[in-house]
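Positions are given from 1 along the sequence. Just follow the structure's listing: the first ligand is 1, and inside any ligand the first atom is 1.
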Amino acid sequence: MNSSAAPAAAREALRRAVRVVVFTGAGISAESGVPTFRGAGGLWKTFKAEDLASPTAFGRDPRLVWEWYAWRRETVGGCRPNAAHLALARWILGRAGVTLVSQNVDDLHERAAREAAGEGGDARRAEPLKLHGSLFHDHCTRCPHRQASSPVDAASVATLPHCPECGGLMRPDVVWFGEMLPARPVEAAFAAAAEAEACLVIGTTGAVYPAAGVVHTAKASGARVVVVDPGETEFDALADVRLVGPAGEIVPTLLK
Ligand code: BV8
Ligand code: ZN
């Protein structure tokens, strides 16, 4: 359904659902100024995914890959959560039964959760299960050490971040193509999707697996699926309601 009745139908589906899964992608951060992957100004346009977001690329030229991630950290660091992130965080904290699942490696959902929870509030319920890792953490290529990121000097391999425990080269704590997703968030996301009566999809092409399977699992388990996106997505065929437009405009009204 994609008509004037769509917003009311979407609100009704979310209101009636005891358990909701919210599934987000790069599009929810677009209005904050974070480049998406496959859109017009998309990251993959300037760079090719296999050239940079893969273990082979990192093995071949860790300096270049680190330079790209340092630039992305800088870009996201200058962005702020937008109205969609904030409305979503407030809505999640204001009711029970919502699981937020994100493919995004930025920290805008986390920052919106802290802002919505306020001083001394508990932001954790509005923080996402991160299926593709975190842009702001590094982990060691040789041992299990993981740490919050610090400024990167990508001038040479020697100046790249190295592990304080074993001296191994550190890498961004994101999931590259061909790599396994982190087990705990994936299991929790698919378990929530299997129980959900509604699934709200915001700003994702639905092109990347196994993450996109979360929405298919929700649909197969009887959830009503609401898709928010200005463009076409691979979820349109299974959507019960499509709200066509930017998240920053649609989400605050939808969740009011
Ligand atoms: C795995 C982290 C196997 C890194 C990312 C062939 C060869 C090799 C692999 C495969 C293959 N075929 C399939 C695969 C599997 C592959 C895959 O799915 N490839 C796709 C592209 C075909 N998947 C993997 O490799 C995964 N691992 O399969 O491992 C395995 C199995 C067992 C044992 C060992 C290994 C790993 C995938 C994770 C890759 N990492 N990112 C980094 O960020 O650098 S993927 C990247 O894409 C991001 O995480 C992003 O979130 C994700 C999905 O993209 P979207 O979020 O949807 O963003 P996109 O730009 O595409 O779309 C933006 C949307 O927003 C659009 O719809 C647009 O209209 C909309 N929008 C724009 N403006 C707005 C808006 N919406 C709302 N408001 C707006 N204002
Ligand atoms: Zn180490």
Side-chain angles (χ1 to χ4, degrees), residues 23-45 47-58 65-66 68-73 75-76 82-85 88 101-106 108-109 128 130-147 161-183 186 200-215 227-236 239 242-252 254:
F23 183 76
T24 67
I28 196 169
S29 300
E31 287 155 275
S32 296
V34 180
T36 62
F37 289 85
R38 295 164 186 84
L43 284 170
W44 298 156
K45 287 272 172 303
F47 305 92
K48 281 215 301 302
E50 55 280 4
D51 290 354
L52 288 159
S54 78
T56 326
F58 188 74
V65 173
W66 261 117
W68 185 49
Y69 281 94
W71 170 74
R72 287 176 63 191
R73 277 184 185 160
T75 307
V76 174
N82 64 54
H85 293 108
L88 187 57
V101 179
S102 189
Q103 300 169 99
N104 296 346
V105 295
D106 68 47
L108 297 181
H109 279 308
K130 294 180 88 76
L131 302 187
H132 291 158
S134 163
L135 183 60
F136 292 97
H137 290 83
D138 308 340
H139 73 246
C140 178
T141 53
R142 251 191 356 216
C143 81
H145 183 69
R146 178 179 185 271
Q147 63 191 25
H162 283 76
C163 177
E165 306 292 323
C166 76
L169 181 59
M170 299 295 279
R171 55 164 280 180
D173 189 33
V174 298
V175 179
W176 282 327
F177 286 99
E179 290 190 321
M180 292 274 281
L181 276 60
V186 168
L200 174 58
V201 183
I202 307 172
T204 176
T205 45
V208 175
Y209 284 85
V214 168
V215 179
V227 171
V228 177
D229 199 298
E232 316 258 299
T233 81
E234 302 205 9
F235 295 127
D236 294 349
R242 281 188 68 213
L243 301 177
V244 181
E249 275 166 42
I250 290 180
V251 173
L254 174 66

Select the closest option to atom 65 (O) of ligand 1 among Pro210, Gly25, Gly27, Gly206, judged by heavy-atom distance. Gly27
Within the 4.0 Å heavy-atom shell around Ala207, which atoms of ligand 1 are there? 18 (O), 20 (C), 22 (C)
Just going by heavy-atom distances, which of Thr205, Val174, Val175, Val244 is nearest to atom 41 (N) of ligand 1? Val175
Would you say the side chains of Asp173 and Ser134 form a donor-acceptor pair under 3.5 Å? no
Closest heavy-atom contact between Thr75 and Gly33? CG2-O, 4.2 Å
Heavy-atom contacts with Trp176 under 4.0 Å: which atoms of ligand 1 show up? List them by number with element. 36 (C)
Judging by distance only, is a nitrogen or oxygen of Glu232 under 3.5 angstrom from one on ligand 1? no
Can you list the residues that meet the salt bridge (charged side-chain N to carboxylate O under 4.0 Å, His left out) rule with Glu249, with sequence neighbours excluded? none
If you round to the nearest 0.5 Å, how far is CD of Glu232 from CZ of Arg242? 5.5 Å
Would you confirm whether Asp229, through its side chain, and Thr205, through its main-chain N or O, come within 3.5 Å as a donor-acceptor pair? no
Should one rank Val251, Asp229, Val227 by closest heavy-atom distance to atom 68 (C) of ligand 1, which comes out on top? Asp229
Who's closest to atom 57 (O) of ligand 1 heavy-atom-wise, of Val228, Thr204, Asp173, Leu131? Thr204
Of all the atoms in ligand 1, which lie at a distance below 4.0 Å from a heavy atom belonging to Ala26? 55 (P), 56 (O), 58 (O)
Can you classify the ring geometry of Tyr69 versus Trp176 as parallel (below 30°), tilted (30 to 60°) or perpendicular (above 60°)? tilted
Is the shortest N/O to N/O distance between Glu179 and ligand 1 below 3.5 Å? yes
Using a 4.0 Å cut-off to any heavy atom of Ala247, which atoms of ligand 1 qualify? 77 (C), 78 (N), 79 (C)
Listing by chain and number, what protein N/O/S atoms are under 2.8 Å from the Zn ion (ligand 2)? Cys140 SG, Cys143 SG, Cys163 SG, Cys166 SG
Taking only residues two or more places apart in sequence, or in another chain, which ones meet Asp138 in a side chain to side chain donor-acceptor pair (under 3.5 Å)? Arg73
Numbered atoms and elements of ligand 1 in range of Tyr69, under 4.0 angstrom, heavy atoms: 4 (C), 42 (C), 44 (O)
Main-chain N/O of Gly206 paired with Thr233 side-chain donor or acceptor, under 3.5 Å: no
Are any side-chain N or O atoms of Lys130 and backbone N or O atoms of Ser102, one a donor and one an acceptor, separated by less than 3.5 Å? no
At a 4.0 Å threshold, what atoms of ligand 1 neighbour a non-hydrogen atom of Glu31? 78 (N), 79 (C), 80 (N)
Going by the rule side chain to side chain donor-acceptor pair (under 3.5 Å), which residues pair with Asp106 if we only count those two or more places apart in sequence or in a different chain? Ser29
Could you give the distance from CD1 (Ile250) to CD1 (Ile202), rounded to the nearest 0.5 Å? 9.5 Å
Please check: side-chain N/O of Glu165 versus main-chain N/O of His145, any donor-acceptor pairing under 3.5 Å? no
